[in-house]
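Working notes, structure below.
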Amino acid sequence: MGTGPLRVVVWSTGSIGRIAINAVRRRPDLELVGVWVHSPSKAGRDAGELANGVPIGVTTTNDAQALIDLRPDCVIYAASGPERDAASVPDYVRLLEAGINVVTTSSVRLINPATFDPPFLAELQRATETGGASIYASGIEPGFILEEVPLLLSTQSSAIRSIHAYEIGLYDDYAVADTMMDGMGFGRPMDFEPFICIPGVISHEWAGGIYRMASALGVEVEEIRETVERRPTDRTLEVACGTLEAGTGGAIRIQAIGVVDGRELITIEHVTRMARDLAPDWPTAEADVAYRIEIEGEPNMRCDFHCTLDDPKASGIDGMAAGAGAMVATAMRVVNAVPYVVAARSGVLGAADLPTTLPRHVFAR
């Protein structure tokens, strides 16, 4: 690593990738040298035009080797898709073996490396050893809000009886139909079994956060319990992912519960609605997308948190007004981590392996 700006490639121009492009361009300590795109129709275009309509002189490509040949210090990986880790891990391995560090929002279960799929983890560990590089995953949730914030709050605790971490969200502007309908059951008959209801899926997605908190606080989780409850919409709703007919899925409540010494000690809960007035007896929040931490103990603590944006389009976000601030927070968890990951030891890194990833050059002019 030289003394100049760190050379960075952004991998994908979806919502998180566009935010990352705009953020990197504002940072004097980072230099955007390349952008990968999946679609041939986007290849050869100016990355700034894709990010927020303003040309920046960096041309996109779907040639991965061409980007590797640029020898960037780090790739900000933000690709998404139904295959997730199965599609992303081969990319990570190729980059790491070439000596290129990776920060990613695409593999949420890699946020706690100890709970990542063992075969994938072994591949990544071998690749980091081969290339002498590091990989780090983060985001707002899973990630910062429901894993890091409770631990920070716990530094004020004399005793803890339980930790309950929530995401409470209105997702009527989230347009990914397969995730929302087949994955979560929105707009599907109430006897339809969405993917999230298959036993083990909730644990697969959120157990990493529970184990992260438990390990940090010195206790051992003996079991992860899962709960799912769905509620129908009482009227037809036109939302970003499609039409939800009256009587079909309109809200869902999901819990992953960590059991310690027979007690339900750590709970991660998601309450997701397609209209604010659905399931009014479930937890609610003032903001459309909000996060809440409740710690029962000595003392009792409650922290409510949400992110908003004054101008979503300036960050490269078109639509998703309710979740726009959280998307920026997700992207910045890895953008701000780039200098720390580049400076870290090689390996598969978690939050405990890095100092607090404080942002640099962050005060707006």
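Qualifying ring-ring contact (aromatic ring centres under 6.0 Å, His included) partners for His306, counting only residues two or more places apart in sequence or in other chains: none. With sequence neighbours excluded, the residues that form a ring-ring contact (aromatic ring centres under 6.0 Å, His included) with Tyr92 are Tyr77. With sequence neighbours excluded, the residues that form a side chain to side chain contact (heavy atoms under 4.5 Å, CB included) with Arg235 are Thr233, Leu237, Ala275, Asp277, Leu278. Residues satisfying the ring-ring contact (aromatic ring centres under 6.0 Å, His included) test with Tyr166, not counting sequence neighbours, are His164. The side chain to side chain contact (heavy atoms under 4.5 Å, CB included) test applied to Pro232 returns Met190, not counting sequence neighbours. Considering only residues two or more places apart in sequence or on other chains, Thr105 meets the side chain to side chain contact (heavy atoms under 4.5 Å, CB included) condition with Ile16, Ala78, Thr330, Val334.
Arg71 places no side-chain N or O within 3.5 Å of a backbone atom of Ile100 that could act as its donor or acceptor partner. Using modelled atom types, no side-chain atom of Asn101 and backbone atom of Ala133 make a donor-acceptor pair closer than 3.5 Å. Remark: the backbone N or O of Lys42 is paired with a side-chain donor or acceptor of Thr60 at under 3.5 angstrom. Not one N or O on the side chain of Glu147 forms a donor-acceptor pair closer than 3.5 Å with the backbone of Pro142. In terms of modelled atom types and a separation under 3.5 Å, the side chain of Asn22 and the main chain of Ile19 share no donor-acceptor contact. Here the side chain of Thr356 pairs no donor or acceptor atom with the backbone of Leu358 at under 3.5 angstrom. No side-chain donor-acceptor contact under 3.5 Å links Arg333 to the backbone of Gly143. Of the possible donor and acceptor atoms, one in the side chain of Asp46 sits under 3.5 Å from a partner among the backbone N and O of Gly57. Side-chain N or O atoms of Glu167 include none that pairs as donor or acceptor with a backbone N or O of Val289 at under 3.5 Å. Of the possible polar contacts, one joining the Arg18 side chain to the Thr13 backbone as a donor-acceptor pair under 3.5 Å is found.
For residues 33-69, the ring-ring contact (aromatic ring centres under 6.0 Å, His included) pairs, not counting sequence neighbours, are Trp11-Trp36. Within the structure, side-chain hydrogen bond (donor to acceptor under 3.5 Å, both in side chains) pairs that include any residue of residues 115-124 comprise Arg109-Asp117 (at least two apart or interchain). Contacts classified as ring-ring contact (aromatic ring centres under 6.0 Å, His included) and involving residues 220-245 (residues at least two apart or in different chains) are not found. Evaluation of the ring-ring contact (aromatic ring centres under 6.0 Å, His included) test over residues 235-283, restricted to residues two or more places apart or in two chains, returns Trp206-His270. Among residues at least two apart or in separate chains, side-chain hydrogen bond (donor to acceptor under 3.5 Å, both in side chains) pairs with a member in residues 190-203 are Ser203-Glu226. Applying the ring-ring contact (aromatic ring centres under 6.0 Å, His included) definition to pairs two or more places apart or across chains, none involves residues 180-204.
For the atom pair Asp353 CG and Arg345 CZ, the distance stands at 4.5 Å (nearest 0.5 Å). Atom CG of Asn336 sits about 11.0 Å away from atom NE2 of His361, to the nearest 0.5 Å. Atom CZ of residue Arg7 and atom CD of residue Glu31 lie 5.5 Å apart, to the nearest 0.5 angstrom. One distance of note links CE of Met213 with CG of Leu265; it measures 9.5 Å at 0.5 Å rounding. If you take CD1 on Ile252 and CZ on Arg273, they are separated by 12.5 Å, rounding to the nearest 0.5 Å. To the nearest 0.5 Å, atom SG of residue Cys303 and atom CD1 of residue Ile145 are 7.5 Å apart.
Linking ILVMFWY residues whenever their side-chain heavy atoms come closer than 4.5 Å, directly or via other members, places Val221 and Leu146 in the same cluster. Linking Ile, Leu, Val, Met, Phe, Trp and Tyr whenever their side-chain heavy atoms come within less than 4.5 Å leaves Leu110 and Val201 in two separate clusters. Follow the hydrophobic side-chain contacts under 4.5 Å out from Val93 and you reach Val348 in the same cluster. Connection of Ile224 to Phe116 is not established within any shared hydrophobic cluster, with ILVMFWY side chains joined at heavy-atom distances below 4.5 Å, either directly or through further cluster members. One hydrophobic cluster, built from ILVMFWY side chains closer than 4.5 Å, holds both Val103 and Leu30.
What you find for Pro90 and Ala87 is that their closest heavy atoms are CD-O, 3.5 Å. Nearest approach of Glu264 to Ser162, heavy atoms of both residues: O-CB, 4.3 Å. Contact record, Leu96 with Ser134: CD2-O, 3.4 Å, taken as the closest heavy-atom pair. Leu32 and Val58 make their closest contact through O-CG2, 3.7 Å (heavy atoms, listed as atom of the first residue, atom of the second, distance). Nearest heavy-atom pair, Asp173 versus Ala240, reported as atom, atom and distance to 0.1 Å: C-CB, 3.5 Å. Listed here is the closest heavy atom pair of Ala20 and Val335: CB-CG2, 4.0 Å.
In this structure the side chain of Val328 never reaches within 4.5 angstrom of the side chain of Cys307, judged on heavy atoms. Side chains of Arg27 and Pro339 form a contact here, defined as non-hydrogen atoms less than 4.5 Å apart. Using a 4.5 Å heavy-atom threshold, the side chains of Leu50 and Val35 count as separate. In this structure, Glu148 and Arg212 have side chains that are in contact, with non-hydrogen atoms separated by less than 4.5 Å. Taking 4.5 Å as the limit, every side-chain heavy atom of Leu6 sits out of range of all side-chain heavy atoms of Asp29. Contact of the Val8 side chain with the Pro72 side chain is not registered, since no non-hydrogen atoms from C-beta on lie closer than 4.5 Å. Inter-residue side-chain proximity for Met274 and Cys241 is flagged as met; some heavy-atom pair is nearer than 4.5 Å. Using a 4.5 Å heavy-atom cutoff, the side chains of Ile266 and Leu217 are not in contact.
With respect to Arg126 and Glu97, no salt bridge is recorded, no charged nitrogen being found less than 4.0 Å from a carboxylate O.
Looking only at atom types and distance, the side chain of Arg94 has a donor-acceptor partner in the side chain of Gln65 under 3.5 Å away.
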Assess whether side-chain contact (heavy atoms from CB on, under 4.5 Å) is satisfied between Thr248 and Arg188, documenting all intermediate values. CA-CA 5 Å; Thr248 65; Arg188 299 298 190 217; 5.8 Å; no
Just do the salt bridge (Lys or Arg N to Asp or Glu O under 4.0 Å) check on Asp304 and Arg292 with the steps written out, would you? CA-CA 4 Å; Asp304 283 77; Arg292 177 175 299 150; 2.7 Å; yes
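For the side-chain contact (heavy atoms from CB on, under 4.5 Å) with Met301, the lone residue among Pro150, Ser154, Ser157 that qualifies is Ser157.
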